[in-house]
Amino acid sequence: METKILSTSEYDIALAGEIIAKGGLVAFPTETVYGLGADALNENAVKSIYAAKGRPSDNPLIVHICEKEDIVPLVKEVTPKARALMDAFFPGPLTIILPKSDRVGNVVSGGLDTVAVRMPQNDIARRLIRAAGCPVAAPSANTSGLPSPTRAKYVIEDMNGKIDAIIDGGDCEFGVESTVITLAGDVPTILRPGAVTKEMIESVIGKTEVARAVLEGMKNDEVAASPGMKYKHYAPKAQVVIVDAEKEVYENFVNSRENAFALCFEGDNVTVDKVTYGRENDDLSQARELFDALRQLDEMGAKKVYARIPHTTGVGMAVYNRLIRAAAFKIIDLRKPFFIGLTGPTGAGKGYVSSRLAEMGFNILDADKYVKKIYDNNPGILNRLASEFGNDIIINGELDRKKLAQIAFSSKENTKRLNSIVHPEVISLCERDAKPLAVLDAPQLFEAGAADKCYKIISVIADYETRLRRITERDKITQEQAVSRMNAQFDESYYINNSDFVIYNNGEDIDSQIKKIMEEIL
């Protein structure tokens with residue numbers, strides 16, 4: 001198919017309208033992104049949109065109109081709240097979902113009993129709809145899943161040879177798709193955020209909710225009620241990972257990554273190859289530049305991209321919504337004190353994993369060493385221990401650790417008493433010394449209540465007999481003493497069920513397990 005590249009002249013707009021009226025496809029600019037338009041009431045024409053984009057047929061389309069009253073034949077009723085929103089935001093970047101009329105087919109609605117309608121603000125878009133003489137169904141004019149196009153050149157890259165015509169109308173104003181709100185339920189609910197914010201909507205119609213899937217993603221069995229709700233969407237060819245961190249922490253992190261690209265804000269001190277998407281405290285600039293930035297990363301040949309996280313309020317919610325889907329919900333959380341929590345039952349061989357992580361450049365915080373510091377340098381802790389477990393655990397002002405261990409591990413109740421004294425101080429000291437990519441190496445990480453302070457948790461486990469042998473040899477204690485220590489901890493299933501990753505140390509290749517985990521985390 002030959003794709004015509006059209007201007008915004010009256011002649012070309014009329015030609016584009018005729019193409020749509022005859023069942024063809026035309027890409028055109030709106031104030032949000034470029035749309036791929038077809039006659040919304042022509043089921044075969046609408047099917048061709050899905051084919052050209054490679055778009056799943058259960059993903060509904062938005063119907064575009066050129067006058068407010070054009071919505072009336074498309075819906076069962078224009079409710080008072082719908083009318084209020086239309087009066088406030090039509091024309092503009094707002095899409096309203098209502099129960100559909102019989103005129104709207106199942107293809108355009110993705111099989112749902114509702115229809116999504118908006119009146120674009122862009123004059124070129126409205127001129128085209130008027131010239132076509134019909135409502136125009138139009139998703140973004142890109143290959144499904146890729147970043148939405150904000151410039152005609154990206155439409156040409158994706159759609160040349162697949163559709164009848166492309167109107168080159170310059171750059172889009174807002175850069176992210178319209179806000180989508182459904183009025184088909186009991187409470188107005190935003191299904192996709194955009195330039196019309198929750199606060200703006202509530203100033204017109206009152207209480208409005210934001211769908212859980214906006215920031216968290218859809219459940220496996222959840223039906224997409226709006227475009228852009230799919231798990232992975234707007235994604236470049238590169239793998240994108242969002243980094244949740246303050247400016248300096250983000251800069252240090254991304255600058256330490258090999259063969260990485262940064263998707264950051266203007267002014268960020270980044271030394272790796274980078275593309276910026278607006279200014280840190282300017283949500284509108286981020287929205288306008290995000291999709292273009294994602295396309296640029298592909299043009300630069302980026303394979304792994306670390307993106308600085310935007311705010312999630314105002315228009316920032318729309319930016320975050322698009323970015324989190326471009327990243328397939330992969331986020332590295334550097335705001336927590338510890339990047340990795342490393343734990344496991346005693347004798348499992350956690351020490352080797354810790355040493356390998358140290359060689360990779362991680363900042364290891366060995367909880368056992370902090371315990372020793374406390375015992376050697378904190379008289380207040382020693383006094384509390386003596387009060388709990390007897391004065392004979394202190395000899396010449398120093399703690400007899402073996403004697404304390406015999407008492408503390410003789411029962412779970414004694415172990416719990418020891419932990420309540422020591423753990424809070426240990427975790428506090430570790431937090432004080434934590435640096436980016438800190439690993440909290442803590443045999444009793446769960447007992448210390450430190451799991452929620454870790455971005456990811458790795459547990460190292462081994463079979464019972466192997467652990468028993470290691471403990472008796474390592475600590476020069478009897479099997480009975482070793483069993484007491486083992487019984488004072490959680491069982492193997494607890495570590496497996498409460499960890500993000502498990503390393504098996506029963507003779508398996510530990511290095512390959514570590515490598516696989518690091519590839520997934522980083």
Salt-bridge test for D158 and R295: reply yes if a basic N is under 4.0 Å from a carboxylate O, no otherwise.
yes
When you look at NZ of K435, are more than 12 heavy atoms from neighbouring residues, nucleotides or ligands closer to it than 6.0 Å?
no
Identify the heavy atoms of A260 and V272 that sit nearest to each other, and give their distance.
O-CB, 3.6 Å
Rounded to the nearest 0.5 Å, how far apart are OG1 of T312 and CG of D283?
9.5 Å
Flag yes if more than 12 heavy atoms outside D186 fall under 6.0 Å of its CG atom; otherwise flag no.
no
Contact between I166 and T3 at the side-chain level, heavy atoms closer than 4.5 Å - yes or no?
yes
Measure the shortest side-chain to side-chain distance between I167 and P29 over non-hydrogen atoms and say whether it is less than 4.5 angstrom.
yes
Spell out, as yes or no, whether a donor-acceptor pair under 3.5 Å connects the side chain of Y34 to the backbone of G169.
yes
Output, in order, the C-alpha distance, side-chain angles, deciding distance and verdict of ring pair (Phe, Tyr, Trp, His ring centres under 6.0 Å) for Y306 and F261.
CA-CA 6 Å; Y306 294 102; F261 282 70; over 10 Å; no
Any non-hydrogen side-chain atom of K100 less than 4.5 Å from a side-chain atom of V117?
no
With heavy-atom distances below 4.5 Å as the criterion, would you say the side chains of N363 and L437 are in contact?
no
Rounded to the nearest 0.5 angstrom, the CG-NE2 distance for L128 and H64 is 10.5 Å
Within the supplied structure, the quantity of interest is the number of heavy atoms (other residues, nucleotides, ligands) at a distance under 6.0 Å from E266 CD; does it exceed 12?
yes
Between the side chain of E31 and the main-chain N/O of Q121, is any donor-acceptor distance below 3.5 Å?
yes
Sub-3.5 Å donor-acceptor pair from the side chain of Q239 to the main-chain atoms of V305, do we have one?
no
Of all heavy-atom pairs linking T114 and A184, the shortest is CG2-CB, 3.8 Å
If you draw a 6.0 Å radius around NZ in K453, do more than 12 non-hydrogen atoms from other residues or ligands fall strictly inside?
no
Salt bridge check, K237 against D298: does any charged N sit closer than 4.0 Å to a carboxylate O?
no
Could you check whether E251 pairs with K247 (Lys NZ or Arg NE/NH1/NH2 to Asp/Glu carboxylate O, under 4.0 Å)?
yes
Quick one: does T208's side chain have a donor or acceptor within less than 3.5 Å of a partner on G206's backbone?
yes
Are there more than 12 heavy atoms of other residues, nucleotides or ligands under 6.0 Å from atom CD of E520?
no
Give a yes or no on whether a salt bridge exists between R118 and E177, defined as a side-chain N under 4.0 angstrom from a carboxylate O.
no
Are the side chain of S499 and the backbone N or O of I458 linked by a donor-acceptor pair below 3.5 Å?
no
Closest non-hydrogen atoms of L183 and P188, given as atom of the first, atom of the second and distance, are CD2-CB, 3.7 Å
For a side chain to side chain contact (heavy atoms under 4.5 Å, CB included) check, start with the C-alpha distance between L440 and I427, then their side-chain angles and the critical distance, and finish with the verdict.
CA-CA 9 Å; L440 176 60; I427 299 304; 4.0 Å; yes
Show your working on side chain to side chain contact (heavy atoms under 4.5 Å, CB included) between Y455 and I521 and close with a plain yes or no.
CA-CA 10 Å; Y455 165 55; I521 292 178; 3.9 Å; yes
NZ/NE/NH1/NH2 to OD/OE distance under 4.0 Å, D87 and K68:
yes
Would you find a donor on one side and an acceptor on the other, under 3.5 Å apart, between the side chain of D244 and the backbone of D333?
no
Non-hydrogen atoms of V275 and A293 that approach each other most closely
CG1-CB, 3.5 Å
Distance-only, no hydrogens or angles: does the E431 side chain make a donor-acceptor pair with backbone N or O of P337 under 3.5 Å?
no
Side chain to side chain contact (heavy atoms under 4.5 Å, CB included) between F265 and Y277, intermediate numbers included
CA-CA 6 Å; F265 300 134; Y277 74 110; 3.3 Å; yes
I'd like to know whether M317 forms a side chain to side chain contact (heavy atoms under 4.5 Å, CB included) with I190, so could you lay out the CA-CA distance, the side-chain angles of the two residues, the decisive distance to 0.1 Å, and finally the verdict.
CA-CA 11 Å; M317 181 188 290; I190 294 173; 5.6 Å; no
Within a radius of less than 6.0 Å around CG of N497, do more than 12 heavy atoms belonging to other residues, nucleotides or ligands occur?
yes
E157/K162 ion pair, N-O < 4.0 Å
no
Determine whether the side chains of T95 and S178 contain a donor N or O and an acceptor N or O closer than 3.5 Å.
yes
May I ask you to decide if the ring planes of F339 and F362 are parallel, tilted or perpendicular, using 30° and 60° as cut-offs?
parallel
What I want to find out is whether E246 reaches R335 closely enough, with some N-O distance under 4.0 Å, to be called a salt bridge.
yes
Among V210, L191, I205, V196, which one satisfies side chain to side chain contact (heavy atoms under 4.5 Å, CB included) with I181?
I205
If we count only N and O atoms by modelled type, under 3.5 Å, do the side chains of D292 and T150 hold a donor and an acceptor together?
no
Mark yes when over 12 heavy atoms from residues, nucleotides or ligands other than E2 sit less than 6.0 Å from its CD; otherwise mark no.
no
Heavy atoms only: give me the nearest I20-A38 pair and the separation to one decimal.
CG2-C, 3.9 Å
Side chains of N42 and K22: any donor to acceptor distance under 3.5 Å?
no
Ignoring hydrogens, what is the shortest heavy-atom contact between L94 and L85? Give both atom names and the distance.
CD2-CB, 4.1 Å
Kindly indicate, with the supporting measurements, whether the criterion salt bridge (charged side-chain N to carboxylate O under 4.0 Å, His left out) is fulfilled by R308 and E248.
CA-CA 11 Å; R308 190 166 167 211; E248 185 176 350; over 6 Å; no
Is any side-chain heavy atom of N321 closer than 4.5 Å to a side-chain heavy atom of V176?
no
Tell me whether R257 forms a cation-pi arrangement with F253, defined as NZ or CZ under 6.0 Å from the six-membered ring centre and within 45 degrees of its axis.
yes
